[in-house]
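Note that ligands are numbered from 1 as they come in the structure, with each ligand's atoms numbered from 1 the same way. For the single chain, residues carry numbers from 1 onward in sequence order.
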Amino acid sequence: MSAVRHFLTLGDLSSAEHRRLIQRACELKRLQRAGEPHAFLENRVLGMIFEKSSTRTRVSFESGMAQFGGHAMFLSPRDTQLGRGEPVEDTARVLSRMVDAVMIRTFDHETVERFASCSRSPVINGLTDRFHPCQLLADMLTFNEHRGEIRGRTVAWVGDGNNMCHSYINAARIFGFHLRIATPAGFEPEAEVVAAGGDAVQVGNDPRAAVEGADLVVTDVWASMGQEEEQAQRERAFADFQVDEDLMALADREALFMHCLPAHRGEEVSAGVLEGEQSVVWEEAENRLHAQKALLEFLILGG
Ligand code: CP
Ligand code: NVA
């Protein structure tokens, strides 16, 4: 059981493994685009537990497994025993004997850790309140395709110090870029996560200073899943943190704009920036498919 590899945060893979994963994702994207068969996970099954909504994560994992000749199974707590109180540890022991990998989207990050500690099969974090590592694989692939190496570049995170922000902090250390974060006071990322980012990460409250000369500007919703009742209060707190044309003008001329989606036009991003020439959000979304296929192959077949 100790040999099983999980993907709960980006730190579960080394920098070299991440580099190989991105290269493999490019190759799998080429195969898929060319319509070449690539049934590398024939007869393999992915179990997917969703305790929160999803469009991209569900469809990318499900399509990815189908394209690989395998199968993905959607499991909602509403109609499994998880929703009726069966312990996560028991569910992990049972499910992981029947499927080849498990993807989980849930609230507490601890839930995926508890599941993984009892799982015989690899466990993938499909988003928790603290981290969203799969999205970072897609984002790194997307930057690489458009601008080459991200190592040494500057990334600006504008908005909430949330799960995506935390995964950007992890990525800064692993992929070797500088990360400037600007959040409203009181919405900074967790100090422990920032500390682990070391020199690569600067946290402040000024979006203009963060974006100045950046090669990539990233934002996310102001109220994440589970924070819906804070929407109005957050709209007030984040009012000066919209990524609009004026803010993007401060970034490098070649800067890209990314957003994990779903986006709220007129809140965290203006419609003009989201639909503008610097925005690569649709390719970023597509790249969830290719990056996660590389991840599934790595975890199920071994790196
Ligand atoms: N970006 C992302 O994870 O999207 P979904 O919530 O649609 O899966
Ligand atoms: N921070 C967002 C990301 C959605 C993909 C959330 O957790 O709702």
Will you find, in the side chains of N287 and T142, an N or O donor that is under 3.5 Å from an N or O acceptor? yes

Is D220 in polar range of ligand 2, meaning some N or O pair under 3.5 Å apart? yes

Under 3.5 Å, N or O to N or O, is H132 touching ligand 2 that way? no

Please classify the H132 to ligand 1 contact at 4.0 Å (heavy-atom distances, strictly less than): side chain, backbone, both or neither. side chain

At under 4.0 Å between heavy atoms, which part of T57 makes contact with ligand 2: side chain, backbone, both or neither? neither

Quick check: do E284 and S279 have side-chain heavy atoms less than 4.5 Å from each other? no

Under a 4.0 angstrom heavy-atom cut-off, which atoms of ligand 1 come close to C260? 1 (N)

What residue and heavy atom of the protein are closest to [atom], and at what distance?
atom: atom 2 (C) of ligand 1; value: R288 NH1, 3.3 Å
atom: atom 6 (O) of ligand 1; value: R105 NH1, 2.8 Å
atom: atom 4 (O) of ligand 1; value: R56 NE, 2.8 Å

Closer than 3.5 angstrom, by distance alone: can the side chain of R5 be matched with the main-chain N or O of D12 as a donor-acceptor pair? yes

Would R151 and F175 count as a cation-pi pair here, with the cationic atom under 6.0 angstrom from the ring centre and within 45° of the axis? no

L261 near ligand 1 by a heavy-atom separation under 4.0 Å: yes

Just to check, does D129 reach to within less than 4.0 Å of ligand 2 when the distance is taken from its heavy atoms? no

Numbering as shown, the atoms of ligand 2 that approach M225 to under 4.0 Å (heavy-atom distance): 6 (C), 7 (O), 8 (O)

Please tabulate, for the side chains in residues 186-209, all donor-acceptor contacts under 3.5 angstrom to protein atoms that are two or more places apart in sequence or on a different chain.
{"residue": "E188", "atom": "OE1", "partner": "G186", "partner atom": "N", "Å": "2.9"}
{"residue": "E188", "atom": "OE2", "partner": "G186", "partner atom": "N", "Å": "3.4"}
{"residue": "E188", "atom": "OE2", "partner": "N205", "partner atom": "ND2", "Å": "3.1"}
{"residue": "E190", "atom": "OE1", "partner": "R130", "partner atom": "NE", "Å": "3.0"}
{"residue": "E190", "atom": "OE1", "partner": "R130", "partner atom": "NH2", "Å": "2.7"}
{"residue": "E190", "atom": "OE2", "partner": "R130", "partner atom": "NE", "Å": "3.3"}
{"residue": "N205", "atom": "ND2", "partner": "T183", "partner atom": "O", "Å": "2.7"}
{"residue": "D206", "atom": "OD1", "partner": "R208", "partner atom": "N", "Å": "2.9"}
{"residue": "D206", "atom": "OD1", "partner": "A209", "partner atom": "N", "Å": "3.4"}

